Number of protein chains: 2
Amino acid sequence: MGSNVREDIMTAARRAAQAHGYTGLNFRELAAEVGIKSASIHYHFPTKVDLGAAVAKRYWEDSQAVLDGIWNGGPGASQALRAYPDTFRRSLENGNRICLCSFMSAEHDDLPDPVRQEISRFAEINVAWLTRVLSAATDMETGACERRARAIFAAVAGAQLMARSQADVGVFDTLIEGYRDAGLLPA
Amino acid sequence: MGSNVREDIMTAARRAAQAHGYTGLNFRELAAEVGIKSASIHYHFPTKVDLGAAVAKRYWEDSQAVLDGIWNGGPGASQALRAYPDTFRRSLENGNRICLCSFMSAEHDDLPDPVRQEISRFAEINVAWLTRVLSAATDMETGACERRARAIFAAVAGAQLMARSQADVGVFDTLIEGYRDAGLLPA
DNA sequence: ACCTGAACACCGTTCAAGT
DNA sequence: ACCTGAACACCGTTCAAGT
């Protein structure tokens, strides 16, 4: 297993990036949080690109695990679908943060390619999981399921963004309810 | 009327902020675009906060005018509702940019208060306009209209964000169609 | 193996001073 | 009124040196 420091850097970097983005991420603050000097970070991650890509990779890996924990085939697909927005809700609860993928999507033009690639995996994983759940929970065709999956993913990300802008998780809850009323998410 | 330089700065700043955010907005590049030195910008806008707030204010003012141009009472509410996503589509067409409000919502923690306030006006204006259009175009109750208006606004913003992350306007169109299929937007 | 002080080149921001 | 030079603060990065 890796050293604690390396893990601590990644954890702090993920939290910082979910609040300030890739551009807003800076080695000196990060180092202070971890309890080392900024120069020491470069021992674990040669460049900011390396750190960003590692954090983004870990982010989708963790997301994959969480989603598989909610549902990975079998019964309970409807409940899983209902629980999905909570995975986004948790970031808001945790210091009004947002999804790394959302923030970095906004930062698209300023993102190094390796980071971009890991970030796109997060979206793919969420859409793939939603597609599978929708296939199991509804009688929609596969193509319709994927289309709906993308719509749900984008809409939930948008709701999270709006909630952050008002620093109010209640906004998120109301928006998700709105999606259910409208039929985007099953009631 | 104000000087050309002041207007030029605001135009360039708005475009830059829609691509790089408030944090990514920088005086030196801005100045080069306008044809003055970076220090000269401070004559027109004492601080970055002043520039940001002025740009954000102008942004919702322009948005208000555009929306009122699409529909401001009278018939054609359904067509207006159908045309709404195009106001977001245009930013993507224009160099894969996104809504200033979306980018700055992500940047919430790093945003000075005056900028935050102007940005929140943009959301209010969009929601208010959508609420009025929905009231005219559907038979939903006023409360339901506002709730749906917020849902539409958040979802369209999310769709724009996802389209930018893939640098593909087609993604936006597909997502909007997905919203229509699901019933979030009227077909 | 892991960390640091000091320095480097760079860049956005500010302000006193120019015309 | 309008603009600028130059200093300032801060950034990612490097590297020789420390443990």
Side-chain angles (χ1 to χ4, degrees), chain A residues 1-56 100 103-104 106-107 109-116 118-119, chain B residues 1-56 100 103-104 106-107 109-116:
Chain A
M1 62 162 61
S3 73
N4 277 342
V5 172
R6 194 189 147 89
E7 287 301 311
D8 289 353
I9 293 169
M10 286 188 67
T11 302
R14 202 203 66 230
R15 285 174 55 86
Q18 284 184 254
H20 309 289
Y22 179 78
T23 307
L25 187 68
N26 82 79
F27 278 38
R28 280 176 172 87
E29 269 184 44
L30 211 55
E33 234 175 294
V34 174
I36 54 175
K37 298 294 168 184
S38 76
S40 307
I41 294 178
H42 293 274
Y43 171 75
H44 301 278
F45 303 95
T47 68
K48 188 178 182 180
V49 180
D50 295 307
L51 174 59
V55 165
L100 195 67
F103 211 136
M104 291 195 171
E107 291 178 301
D109 282 10
D110 301 316
L111 231 49
D113 223 63
V115 181
R116 248 189 231 173
E118 299 297 344
I119 281 300
Chain B
M1 63 163 58
S3 73
N4 277 342
V5 172
R6 194 188 148 89
E7 287 301 310
D8 289 353
I9 293 169
M10 285 188 66
T11 303
R14 202 203 67 230
R15 285 175 55 84
Q18 284 184 254
H20 309 289
Y22 179 78
T23 308
L25 187 68
N26 80 78
F27 278 37
R28 211 159 259 178
E29 271 184 42
L30 212 55
E33 236 174 294
V34 175
I36 54 176
K37 297 294 168 186
S38 76
S40 308
I41 294 177
H42 293 274
Y43 171 74
H44 301 279
F45 303 95
T47 68
K48 189 178 181 180
V49 180
D50 295 307
L51 174 58
V55 166
L100 196 66
F103 211 135
M104 291 194 172
E107 292 178 301
D109 282 10
D110 300 316
L111 229 51
D113 224 62
V115 182
R116 248 189 231 173

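Below, chain A is the first sequence line, B the second, and so on; all start at residue 1. Just so it is clear, the structure is predicted and the values come from calculations on it, not from any experiment.
With a 3.5 Å ceiling on both atom-pair distances, C:dC10 lacks any Watson-Crick or G-U wobble partner.
Here B:Ser40 reaches the OP1 or OP2 of D:dT4: one of its side-chain N or O atoms lies under 4.0 Å away. For the pair B:Lys48 and C:dT13, the criterion of a side-chain N or O lying under 4.0 Å from OP1 or OP2 is met.
The side-chain heavy atoms of B:Phe27 and B:Ile9, taken from C-beta on, include no pair separated by under 4.5 Å. The shortest side-chain heavy-atom distance between A:Leu51 and A:Leu30 falls under the 4.5 Å cut-off.
A:Leu25 comes within contact range of the sugar-phosphate backbone alone, with a heavy-atom separation under 4.0 Å but no base atom that close. At a threshold of 4.0 angstrom between heavy atoms, the contacts of A:Thr47 are confined to the sugar-phosphate backbone, with no base atom among them. Nucleic acid contact class of B:His44 (heavy atoms, under 4.0 Å, all strands): sugar-phosphate only.
In this structure a side-chain-to-backbone donor-acceptor pair under 3.5 Å is missing from A:Glu107 to A:Gly21.
A side-chain donor from one of B:Asp50 and B:Thr47 sits under 3.5 Å from a side-chain acceptor of the other.
Residues B:Val5 and B:Arg28 each lie close to DNA chain D; by heavy-atom proximity, the contact nearer the 5' end of the strand is made by B:Val5.
Between A:Phe27 atom CZ and D:dT14 atom C1' the separation is 13 Å, expressed in whole Å.
In this structure, of C:dT13, D:dC2, C:dC3, it is C:dC3 that holds the atom nearest to the side chain of A:Ile36.
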